[in-house]
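Since we're looking at a predicted model, the values are computed, not measured. Every chain is numbered from 1 and lettered A, B, ... according to where its sequence line falls, protein lines coming before strand lines.
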Amino acid sequence: MSAPAVSPVTITLPDGSKKEFEGPVTGHEIALSISEGLARAALAIVVDGRTIDLSTPIANDSDVVLLTAHQPAGLEVLRHSCTHLMAQAVKRLWPEAMLEDGPPTEDGFWYDIRTEPPIAAEDLPRIEKEMQKIAGEKLPVTRRELSRDEALAFFAERGEKYKLHIIEKLPADAVITTYTQGEFTDLCRGPHVPHTGVIKAFKLLSVAGAYWQGDPSKDQLTRVRGTAFGDKKGMKEYLELLEEAKKRDHRRLGKELGLFMTHEWAPGTFIWLGRGKILYDTLSAMSTAMHRAEGYQEVFTPMLFKKDLFETSGHWKHYRDDMFIVPGQDAATLDDAGVAEWERHISGEIEGLPEHERKRLNEALEGQTGAKERLSVLLQSETFNTRHWNLFEKRPGEFVAMSGADREVYGLKPMNCPAHMLIFRDRRRSYRELPLRISDQGVLHRNEATGTLGGLTRVRQFCQDDAHIFLAEDMIAAEITRVIGMVRRVYAAVGMDFAGVFLSTRPEKAMGAKEQWDRAEAALRQAIEANDMEYTVSEGDGAFYGPKIDFIVRDVLKREWQVATIQLDYQLPARFGLKYTAADGSEQMPVVVHRALYGSFERFIAILIEQFAGAFPTWLAPEQVRVLSISEKYVDYAKGVRDGLLAEGVRAEADLGDDKIGAKIRDAQLQKVPYMLVVGEKEQETGSVAVRSRSEGELGVMTCAEFRERIAAEKDVRF
RNA sequence: GCCGACGUAGCUCAGCCGGUAGAGCAGCUGAUUCGUAAUCAGCAGGUCAGCAGUUCGAAUCUGCUCGUCGGCUCCA
């Protein structure tokens with residue numbers, strides 16, 4: 001490498017204009033050459049597509065874009081720098097704190113930090129204050145390149161074990177960079193803002209637990225979340241947006257609108273009230289109608305099956321922890337010998353009972369000598385009432401114990417597919433029947449871990465608009481194209497966009513031949529492209545039994561949820577030994593497609609509630625029309641109007657109380673009823689109604705017949 | 001399941017360092033009979049999530065349990 005001669009550099013700006021510099025030039029200098037204002041606002045610079053620090057010299061002719069907080073990419077740099085600002089503040093307050101990773105996110109940033117005790121929500125104002133101070137110090141942010149060994153030595157000296165781990169994973173010849181501001185140095189790829197003073201608007205929002213490397217067996221870190229903006233105004237708007245989002249939260253709206261309730265005696269499940277049941281039923285009926293039109297047959301299958309079914313399907317082996325297990329009638333009665341065996345579990349003589357549970361039981365049993373007393377303690381203990389240890393009081397005083405050897409054990413189905421395999425297998429099948437489409441809105445139970453439950457988006461009891469399609473391999477592309485068409489119709493009807501469509505391909509532990517997978521993946525790809533949809537390939541994310549397409553939407557809090565899904569399955573047909581007779585008389589195994597459009601009704605309704613902010617379109621609104629009487633004198637007329645609507649199949653109610661009309665309108669408006677019909681003297685005399693729309697206000701007076709016509713047009717929708 | 005926070009009237013929330021619980025809305029009763037987002041007055045409403053402990057005394061402090069929320073992990 002020879003020392004480069006100083007040669008002129010031509011910089012091309014986004015508008016195409018060019019600037020000449022005598023030699024290497026920094027982003028900061030370029031900004032200064034344009035205006036001082038830009039130099040102050042600039043955070044980083046994109047050089048030929050690569051974002052770098054403003055202080056890094058540019059030696060070659062380049063196309064550049066100066067980044068400020070007004071561009072998404074600039075905002076990302078600002079937020080990334082803000083994580084460092086926060087980390088520095090934390091280090092000042094907790095010198096022993098260990099830092100893990102702190103990336104910017106779509107709306108802000110977070111940093112995983114280990115302190116003892118963990119940082120609490122009450123600490124956030126303190127940290128923010130320190131951040132303000134550091135920002136006020138306008139510390140220059142400087143970049144430094146280190147070798148791997150230098151970096152290891154540097155962070156080892158500071159006891160940053162998580163940073164060491166990150167460095168260790170990098171290749172030996174990697175150029176490692178650190179960024180320093182004042183006394184604080186962080187391992188980071190960058191780029192970063194020129195100095196801490198440019199970070200003016202930020203807020204710390206929450207603390208939450210996070211596992212190191214996402215591994216529950218490793219250290220528990222604290223994830224501190226915050227956000228930053230280029231100015232206070234953007235910050236304020238964002239916080240207001242958060243408030244708005246909270247108002248749209250389906251849990252809140254569901255309660256306010258009387259859709260559903262919960263009870264602590266039924267954790268993870270929802271009690272659907274009259275209004276919510278209408279949503280459920282409406283979606284159910286629309287789904288049924290659509291599936292019939294598409295050639296599906298809807299079936300009705302048991303909720304409870306002997307475990308033999310799940311052993312065949314593989315659920316008993318792979319999914320048992322998430323299933324509700326129910327003892328059958330013939331299970332063994334727990335006798336003295338049985339109790340003695342449980343006691344050997346507790347003493348540790350028989351291994352398998354977790355140490356903390358043994359300890360707890362031993363403490364509970366302390367001083368209890370009689371067999372009956374001890375049994376009573378056991379029965380009241382949590383351990384004996386969990387799914388791992390199946391001990392039940394069948395009727396008072398008679399106990400039933402289950403062990404893996406008992407055959408008479410039942411399980412609540414977590415999925416419909418095994419039952420549908422039985423249907424296919426019920427008789428000989430011909431190729432002429434394929435694709436055989438079986439749909440089912442059966443109730444499913446999954447014993448989800450407590451910490452994963454949340455609102456309607458993750459529940460223990462739910463229904464899917466589920467279907468299984470049995471077909472020959474050469475039918476896959478055409479059939480999946482049809483299914484995607486259905487998905488699109490449903491989501492178009494409710495005005496929802498997908499946050500993503502993912503094609504998940506062959507995972508490492510896949511079963512089946514690679515050629516088979518290749519064909520299946522190609523068929524799925526073809527189907528997506530036939531529907532002209534944007535999608536992302538999620539390499540290696542398929543289920544072990546086949547590739548799949550997932551449709552993702554976001555809730556108001558921007559959390560992503562899978563709704564519709566289409567999965568190919570080569571394993572279940574094999575496990576159940578499914579076959580059909582082909583045209584040439586040979587016996588062939590069908591492929592199974594698992595698919596759901598809504599996903600679960602529960603999750604879909606949650607997303608719909610948030611999508612419409614509770615103001616459902618007329619066809620879905622639990623109460624479509626409310627008749628409001630001006631005064632007592634018109635109550636009978638109001639009832640007549642309501643009854644006329646009810647007879648037409650309109651979901652109408654009447655507010656006949658002695659409130660003033662303004663109050664009644666307010667009530668109806670808050671309940672988000674699409675139409676309010678005000679009736680008083682004028683209307684009674686002319687057989688009419690004064691129509692007010694939830695969204696458009698007064699629509700004027702029309703005859704009852706005219707209104708019925710209007711609402712008939714929007715009351716029924718088909719997918 | 002893990003980390004953290006929270007749980008007070010039907011709802012939204014006050015209630016300080018421990019001294020025995022309060023508002024608005026909703027409900028009920030009465031008055032009012034009213035024309036497009038809240039009529040007035042009165043009444044009633046609570047095992048302060050549950051259990052145990054500390055204390056003369058606990059909504060308040062401690063522990064456990066249950067539930068909810070935010071994350072993490074999981075999401076055949």
Checklist entry - Quick one: does Y634(A) reach the base of G35(B) with a side-chain donor-acceptor pair under 3.5 Å? => result no
Item to check | side chain to side chain donor-acceptor pair (under 3.5 Å), paired with S629(A), selected from R642(A), K664(A), K639(A) | outcome: K664(A)
Next on the checklist: For C34(B) and K633(A) - does any side-chain N or O of the residue sit under 4.0 Å from the phosphate oxygens OP1/OP2?
Outcome noted: yes
Next on the checklist: Would you measure the distance from the P atom in U60(B) across to the matching atom in A49(B) and give it in whole Å?
Outcome noted: 8 Å
Next on the checklist: Using the side-chain heavy atoms of D658(A), tell me which of these nucleotides is nearest: G67(B), U32(B), G71(B).
Outcome noted: U32(B)
Checklist entry - If you take atom types as modelled and just measure distance, does the side chain of E683(A) reach the base of G35(B) with a donor-acceptor pair under 3.5 Å? => result yes
Item to check | Shortest non-hydrogen contact from C417(A) toward H315(A) | outcome: SG-CE1, 4.4 Å
Item to check | For the student: nearest non-hydrogen atoms of V207(A) and A121(A), plus distance | outcome: CG2-N, 3.7 Å
Checklist entry - With sugar-phosphate meaning primed atoms plus P, OP1 and OP2, does G214(A) contact a base, only sugar-phosphate, or nothing at under 4.0 Å between heavy atoms? => result sugar-phosphate
Next on the checklist: U12(B), OP1 or OP2 - any side-chain N/O from K255(A) closer than 4.0 Å?
Outcome noted: yes
Checklist entry - Given G70(B), is OP1 or OP2 found less than 4.0 Å from the side-chain N or O atoms of R251(A)? => result yes
Item to check | Rounded distance in Å - CG (L257(A)) to C1' (A26(B)) | outcome: 15 Å
Checklist entry - If you check every side-chain atom of T450(A), which of U33(B), G35(B), G1(B) has the closest atom? => result G1(B)
Checklist entry - Looking for any heavy atom pair under 4.0 Å, which part of the strands does G268(A) touch: base, sugar-phosphate only, or nothing? => result sugar-phosphate
Checklist entry - Between A37(B) atom C1' and R692(A) atom CZ, what is the distance in whole Å? => result 7 Å
Checklist outcome for this item: The residue, R225(A) or H263(A), whose nearest nucleotide of RNA chain B is more 5′ is H263(A)
Checklist entry - Tell me: CD1 of I665(A) to C1' of G35(B), nearest whole Å? => result 8 Å
Item to check | Identified salt bridge (Lys or Arg N to Asp or Glu O under 4.0 Å) partner of E106(A) from the options R225(A), R554(A), R559(A), R79(A) | outcome: R554(A)
Item to check | Distance test, side-chain N/O of R252(A) to OP1/OP2 of C11(B), below 4.0 Å | outcome: no
Checklist entry - What nucleic acid atoms does R223(A) come within less than 4.0 Å of, heavy atoms only: base, sugar-phosphate, or nothing? => result sugar-phosphate
Item to check | Under 3.5 Å on both distances, the Watson-Crick or G-U partner of C66(B) | outcome: G7(B)
Checklist entry - Looking for any heavy atom pair under 4.0 Å, which part of the strands does A543(A) touch: base, sugar-phosphate only, or nothing? => result nothing
Checklist entry - What interatomic distance, in whole Å, is found between C1' of A26(B) and the corresponding atom of G35(B)? => result 25 Å
Next on the checklist: Heavy atoms only, 4.0 Å cut-off, all strands: where does Q562(A) land among base, sugar-phosphate and nothing?
Outcome noted: nothing
Checklist entry - Which one is paired to U32(B), where only Watson-Crick or G-U wobble pairs with both distances under 3.5 angstrom count? => result none
Checklist entry - Which way is the base of C17(B) turned, syn or anti, if we draw the line at 90° from 0? => result syn
Checklist entry - Are a donor atom and an acceptor atom from the side chains of D466(A) and N416(A) found within less than 3.5 Å of each other? => result yes
Checklist entry - Which part of the nucleic acid, if any, lies within reach of A690(A) when heavy atoms closer than 4.0 Å are counted: base, sugar-phosphate only, or nothing? => result base
Item to check | Between C6(B) and C28(B) - C1' atom distance, rounded Å | outcome: 33 Å
Checklist outcome for this item: From CG of D219(A) across to P of C3(B) the rounded distance in Å is 13 Å
Checklist entry - Applying a 3.5 Å limit to both distances, which nucleotide forms a Watson-Crick or G-U wobble pair with U60(B)? => result none
Checklist entry - G1(B), G71(B), G35(B): which one has an atom nearest the side-chain heavy atoms of V678(A)? => result G35(B)
Next on the checklist: Using atom P in both nucleotides, what's the gap between C3(B) and A59(B) to the nearest angstrom?
Outcome noted: 29 Å
Item to check | Distance-only polar pair, side chains of H165(A) and Q213(A), donor-acceptor under 3.5 Å | outcome: yes
Item to check | Between C75(B) (C1') and R458(A) (CZ): distance, integer Å | outcome: 4 Å
Next on the checklist: Does G680(A) reach a base, just sugar-phosphate, or nothing at all? Heavy atoms under 4.0 Å.
Outcome noted: base
Checklist entry - Rounded to the Å, how far apart are E448(A) CD and C72(B) C1'? => result 15 Å
Item to check | Rounded distance in Å between the P positions of G53(B) and C75(B) | outcome: 44 Å
Checklist entry - Distance between the P atoms of G4(B) and G63(B), in whole angstroms? => result 12 Å
Item to check | Residue E698(A), side-chain atoms from C-beta onward, closest of U39(B), U36(B), G70(B) | outcome: U36(B)
Next on the checklist: Among C3(B), C74(B), U33(B), which nucleotide has an atom closest to any side-chain atom of S631(A)?
Outcome noted: U33(B)
Next on the checklist: Measuring only the C1' atom in each nucleotide, how far is G71(B) from G10(B)? A whole number of Å is fine.
Outcome noted: 31 Å
Item to check | A663(A) side-chain proximity, nearest of G35(B), U39(B), G1(B) | outcome: U39(B)
Checklist entry - Across all strands, who's sitting opposite U12(B) as a Watson-Crick or G-U wobble pair, both distances under 3.5 Å? => result A23(B)
Item to check | Pairwise C1' distance for C13(B) and G7(B), with rounding to whole Å | outcome: 13 Å
Checklist outcome for this item: Heavy-atom nearest nucleotide on RNA chain B taken for R603(A) and for G455(A); more 5' hit belongs to G455(A)
Checklist entry - What's the shortest heavy-atom distance between L572(A) and S313(A), and which atoms? => result CD2-O, 3.7 Å
Checklist entry - Given C72(B), G35(B), C66(B), which nucleotide is nearest the side-chain atoms of I661(A)? => result G35(B)
Checklist outcome for this item: Ranking C3(B), G1(B), U68(B) by distance to the side chain of Q220(A), first place goes to C3(B)
Next on the checklist: Side chains of R710(A) and Y675(A) only: does a donor on one sit below 3.5 Å from an acceptor on the other?
Outcome noted: yes
Checklist entry - Considering every strand shown, what is the Watson-Crick or G-U wobble mate of C2(B) when both distances are under 3.5 Å? => result G71(B)
Item to check | Among G71(B), C2(B), U39(B), the one nearest Y211(A) by side-chain distance | outcome: C2(B)
Checklist entry - Roughly how many Å is it from CG in L124(A) to C1' in G71(B), rounded to a whole number? => result 14 Å
Item to check | Nearest-angstrom distance from the residue atom CE of M261(A) to C1' of G67(B) | outcome: 14 Å
Checklist entry - Just checking, R126(A) and W94(A): is the charged tip under 6.0 Å from the six-membered ring centre and within 45° of the axis? => result yes
